[in-house]
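Shown next, in structure tokens, is the structure this report addresses.
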Amino acid sequence: MKIAIMGAMPEEVAPILEKLGEYSTIEYAGNKYYEATYKGVELVIAYSKIGKVFSTLTATTMIEHFGATKLLFSGVAGAISPELKVGDLIVATKLSQHDLDITAFGHPFGYVPEGAVFVEADEAMIAMSKEVATEMGKTIREGIIATGDQFVANEERKNWIGKEFGADALEMEGGSVAVVCDALSVPFFILRAISDAADMDASFSFDEFLETSAVESAEFVMKMVDRLVAA
Ligand code: 4EZ
């Protein structure tokens, strides 16, 4: 077993590297990858840079080049569901690409031939996350995450994504990481802590809460890793 832990931004992986303390740095394909042995299990950690293309490259590299056999994503997201507040954790049950559009040919949003609107995350890790939440005394919500190459700061766009995909949160990497892991048969887990409400105040809220929410997510993901290495 080799576990990949990825984020999109430096702030999203910094708390994980801090917890590990010692790691080696490898430069590959325009990014830095960090390798460590944690409680006897090999880890590879990286932030991809923002968006579907960079996250696709990083997830693929972690699996194909570094040999990761499980992948956990930690980061922040914009809330769609009004029940999700800043700092709250959401685990993706399934993910979609909200900006994928060949509807001109009669296909649904998020769909291309031989693909699927939704990609499902690993059920075993979702179940494990419930146990971890109970153990930590935290509430986590399961839901649908919609991904696209847009920072959504617009109520109308947010509501459309919520309606069209039944999505509870949105971000810019989960859906592409899901496609990669699904295609390569690598179980994956996508966790996000809310940083904003994807509305007109989103950029300010994001700037204010990126670090604290990233820490919330990272701490939870490391508890997941603790379980995985103990199993
Ligand atoms: C993308 N990430 C945001 C990157 C923002 C600014 C320099 C998560 C996210 C997000 N994505 C948090 N809130 C969001 C929102 N409202 N729309 C899209 O994964 C980079």
Side-chain angles (χ1 to χ4, degrees), residues 4-16 31 45-60 62 71-92 94-101 109-110 119 121 140-141 143-181 188-221:
I5 309 171
M6 76 174 277
M9 299 176 69
E11 291 86 349
E12 291 171 326
V13 300
I16 290 155
N31 263 13
I45 300 121
Y47 70 90
S48 59
K49 301 190 280 272
I50 297 155
K52 294 196 295 179
V53 173
F54 285 127
S55 57
T56 298
L57 174 61
T58 294
T60 306
M62 287 173 129
L71 188 149
L72 290 83
F73 191 106
S74 179
V76 302
I80 299 176
S81 164
E83 284 166 37
L84 285 170
K85 307 293 179 205
V86 167
D88 287 356
L89 293 168
I90 173 161
V91 173
K94 53 182 186 173
L95 302 100
S96 65
Q97 297 180 61
H98 67 71
D99 58 350
L100 187 54
D101 179 358
F109 283 100
V119 179
I140 45 160
R141 201 194 148 97
I144 296 172
I145 292 182
T147 299
D149 283 327
Q150 305 168 339
F151 182 84
V152 178
N154 175 317
E155 202 94 30
E156 220 178 297
R157 177 75 188 157
K158 161 176 102 163
N159 291 336
W160 179 82
I161 294 167
K163 267 223 167 82
E164 186 64 34
F165 299 97
D168 300 289
L170 55 84
E171 34 83 315
M172 303 175 68
E173 298 84 18
S176 40
V177 169
V179 168
V180 169
C181 292
F188 69 95
F189 176 78
I190 308 237
L191 182 76
R192 298 275 182 168
I194 300 302
S195 57
D196 59 86
D199 56 9
M200 61 187 285
D201 301 320
S203 62
F204 305 102
S205 180
F206 177 85
D207 282 341
E208 191 173 345
F209 298 111
L210 166 62
E211 273 185 51
T212 48
S213 291
V215 167
E216 282 292 319
S217 177
E219 279 177 354
F220 194 94
V221 158

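One-based numbering, in listed order, for ligands and for the atoms of each. This chain uses plain numbering: 1 for the first residue, then up along the sequence. Worth knowing before you read on, the calculation uses all heavy atoms, side chains too, and leaves out hydrogens, waters and symmetry mates.
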So if I count the atoms of ligand 1 from 1 in the order they appear, which ones are less than 4.0 Å from some heavy atom of R192?
19 (O)
If the test is side chain to side chain contact (heavy atoms under 4.5 Å, CB included), which one of L170, D199, D196 qualifies with V152?
L170
Any S195 heavy atom less than 4.0 Å to ligand 1
yes
What residue and atom, counting heavy atoms only, is the protein's closest point to atom 13 (N) of ligand 1, and at what distance?
D196 OD2, 2.6 Å
Smallest heavy-atom separation, T147 atom then G174 atom, equals OG1-N, 3.5 Å
For the residue pair F189 and F220, categorise the inter-ring angle as parallel (less than 30°), tilted (30 to 60°) or perpendicular (more than 60°).
parallel
Could you tell me whether some N/O pair between V152 and ligand 1 is separated by less than 3.5 angstrom?
yes
So, is E12 polar-close to ligand 1, with some N/O to N/O distance under 3.5 Å?
no
A77 and ligand 1 - part of the residue with a heavy-atom distance under 4.0 Å
backbone
List the closest protein heavy-atom neighbour of atom 8 (C) of ligand 1: residue, atom name, distance to the nearest 0.1 Å.
V76 O, 3.1 Å
Those residues that, when tested against D101, pass side chain to side chain contact (heavy atoms under 4.5 Å, CB included) (two or more places apart)
T103, F109
Is V179 close to T56 at the side-chain level, that is, under 4.5 Å between some pair of heavy atoms?
no
E173 and T58: side chain to side chain contact (heavy atoms under 4.5 Å, CB included), yes or no, with the steps?
CA-CA 10 Å; E173 298 84 18; T58 294; over 6 Å; no
Quick one: nearest non-hydrogen protein atom to atom 3 (C) of ligand 1, plus distance?
F206 CE1, 3.7 Å
To the closest 0.5 Å, what do you measure between OG1 (T212) and CD (E11)?
11.5 Å
Please report whether ligand 1 has a polar contact with E173, defined as an N or O pair separated by less than 3.5 Å (distance criterion only).
yes
Short N or O distance, G78 and ligand 1, threshold 3.5 Å exclusive
yes
Proximity flag Q150 to ligand 1, non-hydrogen atoms under 4.0 Å:
yes
Taking all non-hydrogen atoms of both residues, which atom of I45 and which atom of M62 are closest, and how far apart?
C-CE, 3.7 Å
Salt bridge flag under 4.0 Å for residues D88 and R141:
no
So the atoms of ligand 1 within less than 4.0 Å of a heavy atom of I50 turn out to be 20 (C)
When only distance counts, is M172 in polar contact with ligand 1, meaning an N/O pair under 3.5 Å?
yes
Among all protein non-hydrogen atoms, which one is nearest to atom 14 (C) of ligand 1, and what is the separation to 0.1 Å?
F151 CE1, 3.4 Å
Given the rule in the side chain to side chain contact (heavy atoms under 4.5 Å, CB included) test, do I145 and F73 qualify, once you have shown the distances and angles that lead to the verdict?
CA-CA 13 Å; I145 292 182; F73 191 106; over 6 Å; no
Which of the numbered atoms in ligand 1 are under 4.0 angstrom from any heavy atom belonging to A198?
16 (N)
